[in-house]
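Here is the naming used below: chain letters follow the sequence lines, and residue numbers restart at 1 for every chain.
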Amino acid sequence: MDVKFYGVQFISDNATIFISMKSAELPKNYNPSDYESAIFDLWQKNSAFEPNSGVKNKNKKPFSIIMPPPNANGSLHAGHLMYVVEDIATRFARMQGRPTLWLPGTDHAGIETQFVYEQLLAKKNLTRHDLGQDKFYKEVDAFVRGQQHNIVSSFQSMGFSADWDKLKFTLDDDITETVFDTFKRLHDDGLIYRGNRIVNWDPVTQSAYADIEVTHIEREDELYYLDYGTLVIATTRPETIFADVAIAVNPADDRYKDLVGGLATIPLVDRGIPVIADDHVEFDFGTGALKVTPGHDRNDYEIGLRHDLPQITVIDFAGNMINVPEDYAGLSVEEARKKVVTALEAAGKLIKREPIVHSVAIQDRSKAVIEPLITEQWFMRVTELNKPVIEAIERDEVKFYPKRFKKIALEWLKNEHDWCISRQIWWGIRIPVFYKTSTDSTKKDYIVAVDEKEAIEYYGAGNYRAETDTFDTWFSSGQWPYATLLATDDFDQFYPTSTMATARDILHKWVTRMIMFGIYKTGKVPFENVYLWGMVTDEKGQKLSKSKGNYEDPMKITAEYGTDALRLALSIGITPGNDGKISQEKIKGYRNFCNKTWNVSRYILANTSDMKTLKTPELLSSADHWMALALNEAIVSVTKDIENYRYSEAGQATYSLLWDKLADQYIEYSKQSTNPEMLAYCLDIVLRLLHPFAPFVTEAIWQQLPWKESILITEEWPNVILKPDVAASKNFELEIIEVLSARQKQQDSVQLAKLNKEIKAKKNLLLLIEAKLANQSFVENAPASLVEGERSKLKQTQNELTDLEVAVENIKVSE
RNA sequence: GGGCGAUUAGCUCAGUUGGCUAGAGCGUCUCGUUUACACCGAGGAUGUCGGGGGUUCGAGUCCCUCAUCGCCCACCA
C-alpha cells in the first residue's frame with residue numbers, strides 16, 4: 001500500500017505518452033477520450049476508492065453513501081445520470097480527508113427483470129410456465145449475472161468513485177441472510193401475518209402488488225344503469241353482477257329509506273340480495289344505489305366486512321370468468337362485459353348507459369389493469385413500525401434536502417396501511433416459510449425457516465411444502481443500507497450513513513421504508529440526510545426516453561463532449577427536488593469550459609515549467625491581492641455550498657473563478673507582469689475546487705504539474721491560506737476599469753474609422769445616383785423600371801447613410 | 001377532494017436568513033486572425049421578477065388572493 005505510482009499511459013491517436021515523464025507539450029485542445037479511461041485506471045491502481053485512501057486524520061468523521069442499486073440487468077439511463085451528485089459528495093468528503101465510502105450495488109429488481117426476461121422468452125414462443133419456477137429462476141439468475149458488468153462499466157465511465165471491489169447484489173447470500181433474519185424477527189414480533197384479503201391483482205404478471213406500485217389513469221368507459229327489481233343501480237362493471245351480495249344506499253337517503261332491509265334482485269340470475277345502508281354510498285353518484293361486490297372491489301370489500309356479507313369470486317387469476325353461468329364462464333372480463341350487457345339489454349334490464357370518465361388502476365410496470373381479488377398474502381403491520389420513523393423525522397434525525405419532502409414523507413407515513421409484501425413473481429427472494437402438508441395436529445400450519453433442513457426437522461420429510469411467493473423488491477432493498485454494510489464489514493465504521501441521494505419518486509417506496517427497517521433492525525436511522533432529485537428531461541421538459549427519440553446514449557455524449565462536460569451539465573443549473581433539463585447545447589457549453597480549464601493550465605504550465613516545488617506565493621501586485629481575495633472567497637463559498645447540497649452554486653462559483661477571474665482578468669494582467677508562484681498557486685487551488693465536478697480533466701492536468709507527484713483525487717481540499725490586502729485588491733479593480741475604458745476607446749476609434757470610411761463611400765454612391773437621375777435624357781428614355789430602381793436605390797442609400805451617422809453619434813455620446 | 005412545486009431576459013435556469021442598482025449560460029448584435037484557448041477575446045441590447053392586494057424604512061424573496069402549468073396522494077359505483 002505504500003508503493004504508489006502515478007505514471008499514466010495516455011492514449012492518443014498517433015502516440016502513447018507516459019505522463020510520468022511530464023510531456024512537454026500539451027495539445028491545444030483537451031480531447032477527453034484520450035485521457036478518461038487511463039485516468040480511471042490510475043485511480044483504481046492507487047486504490048483511491050477505498051475508504052481509507054488518502055485519509056490523513058483517522059479521527060475525522062467518516063462519510064458514507066450507499067448507492068441506490070440500479071437494476072443489475074439494465075443499462076445506464078437518464079435516471080442514473082443524477083448519481084453524479086453522489087460522486088461529487090464522495091469526492092469532496094474524500095478530499096477533506098474523511099474516511100469515505102461510496103458503496104455500490106445492483107438490484108435484482110423483481111418484476112422489472114422478470115418482465116424483461118419473459119419478453120425474451122416470448123420471442124422463443126415460451127412462457128415462464130413452460131420452464132417452471134426453479135428453472136426460470138436459474139435462467140434469469142444466469143442472465144442477470146452475465147449482464148451486471150454493463151451497468152458497472154457505464155457507471156465507471158461516468159467517473160463514479162465508488163468502492164467497486166465491494167459491489168453487492170440484492171440476491172447475494174449475505175444480503176438474503178439479513179433479509180431472512182429481519183423477516184423472522186418481524187414475524188416473531190407479530191408484525192408480519194398471513195391473511196386472506198383483497199389485494200391489487202395483476203392478471204398479466206399474475207401477482208399481487210402493494211398500493212404504491214399501482215398507478216391510476218383516467219379512462220373513458222360506460223356507466224350502465226341496471227334494473228335490480230326494487231331499485232336501479234349504476235355500475236361500470238356489469239360483468240361482476242354475479243358476485244353481488246347486497247345493494248347499499250346511504251342511510252340518510254330518503255328515496256330508499258323504505259327499501260333498506262328488503263330485497264333487490266340481480267338480473268339475469270334472479271338472485272335476491274339484501275338492501276343495506278352504508279355511509280360510503282354517495283347520494284349524487286348514479287342513482288345513489290350501489291351494488292356491493294366484496295370479491296372484486298376494494299370499497300365493497302370494506303362494506304362487506306362492516307355488514308358481515310359473503311365474498312363471491314367470479315374472476316380468476318388470469319382475469320377470466322369463473323363461478324358464473326355457463327354462457328360466460330372462461331370469458332375474459334372484457335368479453336364477459338359485452339356479453340352481459342347484451343343479455344341485460346335483451347332482458348330489458350338495461351335502463352340506460354352513459355359515458356363516464358373515471359380512473360382505472362394499472363400496474364406500474366406491466367400496465368395491466370388491476371383486478372382486485374381476494375387472495376392469501378403476507379402483510380406487514382407498518383403503523384406501529386412507522387411511529388418511531390415519524391418521530392425521527394420530526395426531530396430532524398433525518399434531514400431532507402430540499403426541506404419540503406419532510407412534510408411529504410411524514411404525511412405518507414401517517415397514512416400508510418398494512419403493506420402486502422408477497423409477490424407471485426418468480427424472480428426474487430423466496431419468502432422463508434414452509435407449510436404443513438401432513439394432518440399432524442400438534443404441528444403449526446407453517447414455520448418460518450431459512451432452509452429446508454429446519455422444515456425436515458420440524459415436520460419430518462415429505463410433510464411440508466415450501467412457500468413459492470417471493471418478497472416485494474422493496475422489502476429487501478428497504479434493508480439495503482445495513483444489509484450491505486454488514487456484508488462488507490463496514491457497518492461499525494460507516495453506519496448510520498451520511499447521505500441517501502435518490503430520485504424523489506421513490507421517496508415513499510424506498511426512502512421511508514429504509515428508515516423504518518433501519519430503526520427496527522439497528523435502532524438507528526440508516527442515514528442522516530436525504531437528498532432528492534427530480535427527473536432528467538430534455539430542454540422542453542419531456543422525460544428522456546428512447547421511444548420518444550430524445551434520449552441519446554450518455555456514452556455517445558461523453559465520447560463526443562467528454563464525461564466532465566456531461567457531469568457539469570448535470571450539476572450546474574439543476575436544483576434539488578426539481579426536474580433537471582439538459583441539452584446538447586448545455587453540454588457543449590461545459591465542454592468549452594473544460595477546454596478553457598485545459599488552456600488556462602497550459603498557459604500557467606508554460607510560465608512555470610522550471611518550478612519544482614509549490615510555495616505559498618508572495619502577493620506582489622495589486623492584481624495578486626485581488627486574485628488571492630477571489631480564491632479565498634471561492635474556497636469558502638464552494639465548501640459551504642457543497643456541504644449544504646448546493647451543487648449548482650458551488651459549480652457555478654468555480655466556473656466563474658476559473659473563467660471570469662483567473663482567465664479573463666488575472667492571466668490577462670499577468671501577461672504584463674508575471675508572478676509565477678501565484679499563477680501556480682491559482683492553478684493548484686482551481687484544480688482542487690473543480691475536481692469533484694470535473695474529475696477527469698482536473699486529474700489529467702494534475703498529472704502534468706512539474707511540482708507535484710500525486711493523484712488529485714486523494715489530495716486535500718483547499719483551505720484559505722493567503723492574506724490579501726483588501727485595499728490593494730480595490731486598486732486592481734480601479735486599474736481594470738481604466739484598462740477596460742482605454743481598451744474601449746481604442747475599439748471605438750477603430751469602429752469610428754470604419755464607420756467614417758463607410759459614410760464616405762455611401763456619400764459618393766449617393767452623388768452618383770443623384771447625377772444619374774439629374775440626367776434628363778436618362779429619365780425620359782430609359783425603361784421605367786430602371787428609373788424606378790435608381791430612385792429606390794437612392795432612398796435606400798439615404799437611409800443607410802442616416803443609420804451610419806446615428807451609429808457615429810452613439811459612439812461619440814458614449815465617450 | 002387534499003397536498004406540493006413552478007411562473008424572473010428570446011430560450012434554459014440561479015437568486016440561501018427580506019438589503020438587488022435583479023444575475024448566469026445559450027442565443028442575438030458590433031468589433032477583433034493579440035504566440036493559453038475561435039471549444040477564443042472585447043463590448044452592447046434585452047426584464048413593471050405571472051396578475052392584484054397587504055406587511056415593512058426596504059419585497060423577486062414574507063402574508064393573502066386570483067390565474068396558468070406540472071407533480072404527488074386519496075377517491076370515483
Side-chain angles (χ1 to χ4, degrees), chain A residues 26-31 211-212 215-216 218 221 223-226 233-238 240 247-248 280-282 285-293 297-300 303 356-361 402 404-405 407-408 411-412 415 504-505 507-508 534-535 537-541 561-562 565 568-569 572-575 577-586 588-607 637 640-641 644 646 648-649 651-653 655-656 659-660 663-664 667-668 671 739-740 743-744 746-748 750-751 754-755 807 810-811 814:
Chain A
L26 293 173
K28 250 165 81 162
N29 288 325
Y30 171 62
N31 182 18
D211 295 345
I212 195 144
T215 316
H216 295 268
E218 295 246 296
D221 273 319
L223 184 64
Y224 303 92
Y225 289 76
L226 307 184
I233 61 97
T235 181
T236 52
R237 304 212 53 188
T240 63
I247 297 298
H280 171 75
V281 184
E282 279 177 40
F285 195 95
T287 61
L290 165 73
K291 78 186 199 59
V292 182
T293 320
D297 182 276
R298 180 66 68 94
N299 289 309
D300 292 6
I303 295 173
I356 179 176
V357 176
H358 65 149
S359 77
V360 179
R404 63 186 145 98
F405 288 104
K407 202 173 152 190
I408 295 172
E411 213 47 45
W412 160 261
N415 293 312
R504 62 158 187 236
D505 51 306
L507 170 67
H508 305 318
M535 269 193 313
T537 70
D538 68 10
E539 63 269 45
K540 289 179 203 128
Y561 297 111
L568 285 159
I572 298 178
I574 293 183
T575 40
N578 298 325
D579 288 347
K581 288 177 182 160
I582 56 166
S583 61
Q584 191 155 317
E585 284 311 305
K586 190 175 177 188
K588 206 165 145 188
Y590 290 112
R591 185 272 314 262
N592 294 353
F593 172 67
C594 291
N595 193 55
K596 190 74 186 177
T597 307
W598 183 255
N599 275 292
V600 162
S601 309
R602 239 158 51 94
Y603 176 83
I604 294 180
L605 287 171
N607 285 280
S637 71
K640 226 165 92 189
D641 285 338
N644 291 292
R646 293 191 297 257
S648 176
E649 288 175 53
Q652 238 172 86
Y655 181 103
S656 161
W659 201 320
D660 306 338
D664 290 349
I667 286 184
E668 284 311 311
K671 286 174 182 172
V739 168
L740 290 185
R743 197 183 264 162
Q744 184 62 36
Q746 197 189 348
Q747 206 174 325
D748 283 349
V750 170
Q751 174 77 347
K754 198 178 157 188
L755 287 173
N810 282 341
I811 290 176
S814 75

Practice problem: May I ask you to say whether A/Arg237 pairs ionically with A/Asp221, meaning some side-chain N is under 4.0 Å from a carboxylate O? | Solution: no
Exercise. Using a 4.0 Å heavy-atom cut-off across all strands, classify A/Ile667 as base, sugar-phosphate, or nothing.
Key: base
Quiz item: Which nucleotide, in any strand shown, forms a Watson-Crick or G-U wobble pair with B/rU68, with both distances under 3.5 Å?
Solution: B/rA6
Quiz item: Is the distance from OP1 or OP2 of B/rC13 to the nearest side-chain N or O of A/Lys581 less than 4.0 Å?
Solution: yes
Quiz prompt | N/O donor-acceptor pair, side chain A/Lys671 with base B/rA36, under 3.5 angstrom | solution = yes
Quiz item: At under 4.0 Å between heavy atoms, what does A/Ser656 touch on the DNA or RNA strands: base, sugar-phosphate, or nothing?
Solution: nothing
Quiz prompt | Residue mapping more 5' on RNA chain B - nearest nucleotide basis, A/Phe285 or A/Asp641 | solution = A/Asp641
Quiz item: Going by distance alone, is a donor N or O of one side chain under 3.5 Å from an acceptor N or O of the other, for A/Ser583 and A/Lys588?
Solution: no
Exercise. Return no unless some side-chain N or O of A/Trp412 is found under 4.0 Å from OP1 or OP2 of B/rG3.
Key: no
Quiz item: Between the base of B/rC37 and the side chain of A/Arg602, is there any donor-acceptor pair under 3.5 Å?
Solution: no
Quiz item: Could you state the CD1-C1' distance from A/Ile408 to B/rG5, rounded to the nearest angstrom?
Solution: 8 Å
Practice problem: Determine the contact category for A/Ser648: base if any of its heavy atoms lies under 4.0 Å from a base atom, sugar-phosphate if only primed atoms, P, OP1 or OP2 are that close, otherwise nothing. | Solution: nothing
Exercise. Starting from C1' on B/rC72, measure out to CG on A/Asn578 and report it in whole angstrom.
Key: 14 Å
Quiz item: What is the base-pairing partner of B/rU61, counting Watson-Crick and G-U wobble geometry with both distances under 3.5 Å?
Solution: none
Quiz item: In terms of the angle between their ring planes, are A/His508 and A/Trp412 parallel, tilted or perpendicular, with boundaries placed at 30° and 60°?
Solution: parallel
Exercise. Could you check whether A/Arg646 gets within reach of a base, just the sugar-phosphate, or nothing at all, counting any heavy atom under 4.0 Å?
Key: base
Exercise. Would you tell me whether A/Asp297 and A/Thr293 have side-chain atoms, one donor and one acceptor, within less than 3.5 Å of each other?
Key: no
Practice problem: Could you say whether A/Gly589 or A/Ser601 is positioned toward the 5' end of RNA chain B, judged by the nucleotide with the nearest heavy atom to each? | Solution: A/Gly589
Practice problem: Indicate, with a heavy-atom threshold strictly under 4.0 Å, whether A/Ala663 touches base, sugar-phosphate, or nothing. | Solution: base
Quiz item: With a distance cut-off below 6.0 Å to the six-membered ring centre and an angular limit of 45° from the axis, does A/Lys671 pair with A/Tyr603 as a cation-pi contact?
Solution: yes
Quiz prompt | Base B/rC37 to side chain A/Lys596, donor-acceptor N/O within 3.5 Å cut-off | solution = yes
Exercise. Report yes or no: is there a donor-acceptor pair, N or O only, under 3.5 Å between the side chain of A/Glu649 and the base of B/rA24?
Key: no
Exercise. Look at A/Thr575 and B/rA14 and indicate whether a side-chain polar atom (N or O) is within less than 4.0 Å of OP1 or OP2.
Key: yes
Self-check item: Sugar-phosphate only, base, or nothing, as touched by A/Glu411 at under 4.0 Å among non-hydrogen atoms
Solution: nothing
Self-check item: Watson-Crick or G-U wobble mate for B/rC40, both contacts under 3.5 Å
Solution: B/rG32
Quiz item: Taking OP1 and OP2 of B/rC40, is either one under 4.0 Å from a side-chain nitrogen or oxygen of A/Asn595?
Solution: no
Practice problem: Could you check how far CZ of A/Arg591 sits from P of B/rG25, rounded to whole Å? | Solution: 17 Å
